[in-house]
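Below: one structure, written as structure tokens.
Excluded from the calculations below are hydrogen atoms, water molecules and symmetry mates; all remaining heavy atoms, backbone and side chain alike, are included. Being a predicted model, the structure only gives us computed values, none of them experimental.
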Amino acid sequence: MGSGSKLEGTSALPIRRDPYEVLCVSRDSSDQEIKTAYRKLALKYHPDKNTNNPEAAEQFKEVAFSYGILSDPEKRRQYDNAGFEAIDAEGMDMEIDLSNLGTVNTMFAALFSKLGVPIKTTISANVLEEALNGTVTVRPLPIGTSVSGKVEKQCAHFFGVTINEQQADAGIVVRVTSTAQSKFKLLYFEQDANAGYGLALQEDSEKTGKITSAGMYFLHFQVYRMDSTLNALAMAKDPEAAFFKRLEGLQPCEVSELKAGTHIFAVYGDNFFKTATYTIEALCVGSYEDTTHKLREIEAQILRKRNELRQFETEYRKALARFQEVTNRYTQEKQSVDELLKQRDSIHSSFTVTRTANNAVGSSGVSNGSSSSKTLGEDSKAESPMEDGGSDGKDKSAKKKWFNLNLKGSASDKKL
């Protein structure tokens, strides 16, 4: 059966190649090796360079998908342990190329961005290719100075920061701000063997207060960057996951120190329609030693807290599952008790109604008996005076007769 065929009654799952195979790297490759491999392949298959090649577009998507897994330590760990089944592909962040979207899609992307939906964008292939060819214009940016400007969308302004040994030992910070709240990317390029510049680091601007900003820190110890869009769409579906994954966005920077010499940075315009207004500056952190120590300590605490949260999430999920189980048991037991009481009440009700009917019949017989008794009682009462007081009746009758006789007798005596 061909790879594009479907089984009856089911949908054929898309065939996905091993991300390590796609990026042509080994399983023990470092983050930097994975990033370098990705950028080369992304540049090779970028839609800007393959406008009439749909296969290249699909390969570009596959490369981006594979990099999305291997560039995220948590997703990489999950994939290494359980393969694609452990990866929520639906929730993975996707990067879009604004130069290849078209006007209508760009308007939709801008609308979603305004609504707070994180939209990750890729860097134009033209910018990356010009950098690799070494044909870009590099402006000087001395330490302790700042430069302001405006950069067109999907274009970049390049700057060279030259540092000496002392400044390199102390550490360097390069930051970009925009009071116009423009969207931009801060890029760092490393010089390759062909005298060109290969992209090594990038930071997307984020809104902080009334400005947007981005910064890079080279402080001789491992520093981290916070990727706030990491799996953001998936987390939006589950607030609890959003909490537990909140610190997963803290990712180690691939470059933590700079050597003496000239280093190339760029500001890339990432607005959807208009130019990006910015101010870039480079600072030596020698006078911020206390601040760098605090940064190191707080990031160490965050890393420890992240490990604690990973363990706590397991405990929480188990407790939540147990709570759900107990809650379901409570509901079932409540229904069971209600049903038993209902049956009991029904039995009582049935018994009471039957007794009432029987009582009604019984009370009818009792009343008749009472009536009979009453009649008999009355007859007894009627008869009893005659029986009990029979002598009185005779006496009264005798007296009456005697009275009448006496009266008559008295009358006859008078006549006589």
Side-chain angles (χ1 to χ4, degrees), residues 1-6 11-73 75-76 78-80 83-102 104-106 108-109 118-133 154 156 185 187 189-190 192 194 196-202 204 227 229-231 233-234 254 268 270:
M1 185 177 292
S3 61
S5 62
K6 295 182 178 180
S11 299
L13 295 175
I15 297 177
R16 294 179 289 186
R17 290 197 296 156
D18 180 10
Y20 294 100
E21 178 186 345
V22 173
L23 297 182
C24 303
V25 295
S26 62
R27 286 186 172 268
D28 58 354
S29 297
S30 65
D31 293 340
Q32 185 59 44
E33 289 172 336
I34 291 174
K35 178 167 288 190
T36 300
Y38 162 70
R39 284 171 180 151
K40 289 181 179 179
L41 292 172
L43 186 60
K44 178 180 179 181
Y45 297 118
H46 200 283
D48 283 356
K49 300 183 64 177
N50 302 273
T51 54
N52 298 320
N53 187 353
E55 291 183 2
E58 292 301 318
Q59 288 175 310
F60 178 79
K61 293 178 182 178
E62 186 180 38
V63 167
F65 179 81
S66 299
Y67 180 68
I69 295 175
L70 301 186
S71 63
D72 182 342
K75 288 192 180 75
R76 184 178 180 181
Q78 292 175 348
Y79 175 79
D80 289 342
F84 285 115
E85 292 182 0
I87 304 297
D88 183 10
E90 184 177 333
M92 290 185 61
D93 297 325
M94 297 299 294
E95 293 187 349
I96 59 174
D97 180 13
L98 294 180
S99 62
N100 200 43
L101 273 184
V104 176
N105 289 333
T106 302
F108 277 112
I119 305 287
K120 298 187 74 172
T121 56
T122 60
I123 301 170
S124 170
N126 293 333
V127 171
L128 296 177
E129 189 170 13
E130 289 176 0
L132 284 174
N133 295 333
Q154 289 85 59
K185 297 179 187 292
L187 312 177
F189 292 83
E190 292 179 332
D192 61 17
N194 299 322
Y197 308 109
L199 182 62
L201 297 174
Q202 76 174 54
D204 290 2
D227 185 359
T229 63
L230 181 62
N231 211 21
L233 295 179
E254 294 82 353
Y268 179 81
D270 208 24

Is a donor from one side chain sitting under 3.5 angstrom from an acceptor on the other, for D28 and Y20? no
For E62, all residues meeting side chain to side chain donor-acceptor pair (under 3.5 Å), sequence neighbours excluded: R17
For the CD atom on E55, are there more than 12 heavy atoms of other groups (residues, nucleotides or ligands in this structure) within a distance under 6.0 Å? no
Of all heavy-atom pairs between N52 and P54, which one has the smallest distance, and what is that distance? O-CD, 3.6 Å
In short, A131 meets F189 closest at the heavy-atom pair CB-CE2, 3.8 Å
Specify the closest pair of heavy atoms between A42 and V63, including all atoms of both residues, with the distance to one decimal. N-CG1, 4.2 Å
Taking the inter-plane angle between the rings of Y67 and Y38 on a 0 to 90° scale, is it parallel (under 30°), tilted (30 to 60°) or perpendicular (over 60°)? parallel
Nearest atoms (heavy-atom pairs only) where G198 meets L132: CA-CD2, 4.0 Å
When rounded to the nearest 0.5 angstrom, what is the spacing between CG in L41 and SG in C24? 5.5 Å
Roughly how far apart are E130 CD and S124 OG, rounded to 0.5 Å? 8.0 Å
Only one of L128, T36, L43 passes side chain to side chain contact (heavy atoms under 4.5 Å, CB included) with L199; say which it is. L128
Heavy-atom distance under 4.5 Å between the side chains of N53 and Q59, does that happen here? no
Between atom OH of Y268 and atom CG of D204, what is the distance when rounded to the nearest 0.5 Å? 10.5 Å
Spacing of CZ belonging to F65 relative to CD belonging to E58, to within rounding of 0.5 Å: 13.0 Å
Hey, could you give me the CD1/CD distance between I123 and Q202, rounded to the nearest 0.5 Å? 4.0 Å
Do K44 and K40 make a side-chain contact, defined as non-hydrogen atoms from C-beta onward lying under 4.5 Å apart? no
Reported OG-to-CD1 distance for the pair S26 and I34, which is rounded to 0.5 angstrom: 8.0 Å
